[in-house]
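Below is one structure; the comments refer to it alone.
Any value given below was found using the heavy atoms of this structure, including those in side chains, with hydrogens, waters and symmetry copies removed. Nothing here was measured: the structure is a model prediction, and the numbers come from that model. Below, read A as the first sequence line, B as the second, and so on, with proteins coming before strands; counting in each chain starts at 1.
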2 protein chains.
Amino acid sequence: MSGERADAARNRLAVLRATEELLAQSGPELFSLDQVAARAGVGKGTVFRRFGNRSGLFQALLAERAARLAEAVASPGTELGPGAPPRRRLLGFLDELSDLAGRNVALFTAHERVCAQDRYADPTYVRWHRHLTGLLIELLPPGTDPEFAAHALLALFDGDLVRHVVEAGGVDRLRRSVRGYAETLLRA
Amino acid sequence: MSGERADAARNRLAVLRATEELLAQSGPELFSLDQVAARAGVGKGTVFRRFGNRSGLFQALLAERAARLAEAVASPGTELGPGAPPRRRLLGFLDELSDLAGRNVALFTAHERVCAQDRYADPTYVRWHRHLTGLLIELLPPGTDPEFAAHALLALFDGDLVRHVVEAGGVDRLRRSVRGYAETLLRA
DNA sequence: ATCAAAGCGGACCGATGGTCCGGATCTCGG
DNA sequence: CCGAGATCCGGACCATCGGTCCGCTTTGAT
């Protein structure tokens, strides 16, 4: 009585992997779910049954990629986890996010383009936002809205901006720009 | 030998007005260019001939809406124009942008969703970015990348974020949040 | 081996962005 | 006022895509 049949699990992985490949070689939005299905060797219906719609597919992929980061942020004792000084936690988190975004530009773009109707409902985004808000409450001068600032910081990882910066100077450049900006903001 | 035939000009205005109306009553992306054409009382071909594609239509509309702001920013002697102290120019510009965005949420959303492939090529965006970069060079501590910071500030006007904030607290709330955030950033 | 439940897949649908060209409309010289 | 030619119009047409549906297959527990 396992939750998922073996063929279902196999197909879900195949679809996710096919999506990654297409994201890597074509841009975001430049391929249809038909192509995903074909590449995964399954029918189109399967893709939709597993992920609901295009949006769900990218959400699932992003969640998978973000899992390690989520874990690092939540586990006490680590450099990013609870207990570490907030400033370090925040800057470290942004570093990790820069990495993640820089290495998954197409995914970030596709995700936000497709979740656009309410990005604020996406579980991954919500988790990140909550995390940042919590840290910013302690770090920003009173009078600055920490929730808004958290959105503002997450907006740094807008797919197009990331692509723009990464094309010019690679992931390193992105990380440095983000960090420099955040440090300026925290200098207040 | 006027540049544009009378009927052409009439139709272009009709299309722009129809687009505004549909943006106001439906959300962004929720209507087709067929509907725009129907509402404007023209054929679909006319819409495409005048604006090239969906993207061009929203760019044109945004440019029209942004014209007054562009003028204010460029004319010397005014509060936002050259000659005024940079800090005041920047904060004032952001105030105006908050107003513009708050009153045209749907347009902002539609515009960015559709120009996503290269927002950085849109003339209006480029103009705003250049303006901000110029001011930030004088206002930010050295070591902070002003171009990146300008993108970051413009990202505050992401359609979804604007909608989110405006729904919660109206345009006033947006203006206050943006201003508070910017002041914190400049406190460095 | 059996059988019910779960899953599969590709034909199908409606809508949409964008194209195209025959015909209507405007402009302007005469 | 008129006519000719350039300009523009409009809606039929096309390809594509997201999403649905249902008859058939696979799975796995008994």
Rounded to the Å, how far apart are A/Glu4 CD and C/dG7 P? 8 Å
How many Å lie between CG on B/Asp34 and P on C/dT19, as a whole number? 14 Å
Do we get B/Arg87 above B/Phe93's six-membered ring, with its NZ or CZ under 6.0 Å from the centre and within 45° of the axis? no
Select one nucleotide: of C/dG17, D/dT20, C/dC26, the one nearest the side-chain heavy atoms of A/Phe48. D/dT20
Geometric class of the B/Phe108/B/Trp128 ring pair [parallel <30°, tilted 30-60°, perpendicular >60°]: parallel
Tell me if a side-chain donor or acceptor on B/Glu112 pairs with a main-chain N or O of B/Thr109 at a distance below 3.5 Å. no
Would you say A/Arg50 places a side-chain N or O within less than 4.0 Å of OP1 or OP2 belonging to C/dC8? yes
So which of residues 16-33 of chain B are in contact with DNA chain D, with a heavy-atom cut-off of under 4.0 Å? none
Whole Å only: how far is the CZ atom of A/Phe51 from the P atom of C/dG7? 13 Å
Given D/dT20, C/dC26, C/dG7, identify the nucleotide with an atom nearest to the side chain of A/Lys44. D/dT20
Pairs involving residues 146-188 of chain A, ordered by first then second residue, that meet ring pair (Phe, Tyr, Trp, His ring centres under 6.0 Å) (sequence neighbours left out): A/Tyr120-A/His151, A/Tyr125-A/His151, A/His129-A/His151, A/His151-B/His164, A/His164-B/Tyr120, A/His164-B/His151
Within the pair B/Arg49 and D/dC8, is there a side-chain N or O less than 4.0 Å away from OP1 or OP2? no
Please confirm whether the backbone N or O of B/Leu140 pairs with a side-chain atom of B/Thr144, one donor and one acceptor, at under 3.5 Å? no
Let me know the distance between CZ of B/Arg54 and P of D/dT16, rounded to the nearest Å. 20 Å
Taking the side chain of B/Asp7 as its heavy atoms from C-beta onward, which of D/dC8, C/dG9, D/dG10 lies nearest to it? D/dC8
Considering only C/dT27, D/dG19, C/dC8, which nucleotide approaches the side chain of B/Arg5 most closely? C/dT27
How close or far is atom P of D/dC17 from atom CG of A/Asn53, stated in whole angstroms? 17 Å
Result for salt bridge (charged side-chain N to carboxylate O under 4.0 Å, His left out) between B/Asp95 and one of B/Arg88, B/Arg175, B/Arg89, B/Arg179 points to B/Arg179
Any side-chain heavy-atom pair from A/Arg163 and A/Asp160 closer than 4.5 angstrom? yes
To the nearest Å, give me how far apart CZ (B/Arg10) and C1' (D/dT7) are. 14 Å
Of all the choices, D/dG10, C/dC26, C/dG17, which nucleotide is nearest to the side chain of B/Asn11 once you look at every atom? D/dG10
B/Leu13 has an atom CG; how far is it from atom P of D/dC9, in whole Å? 12 Å
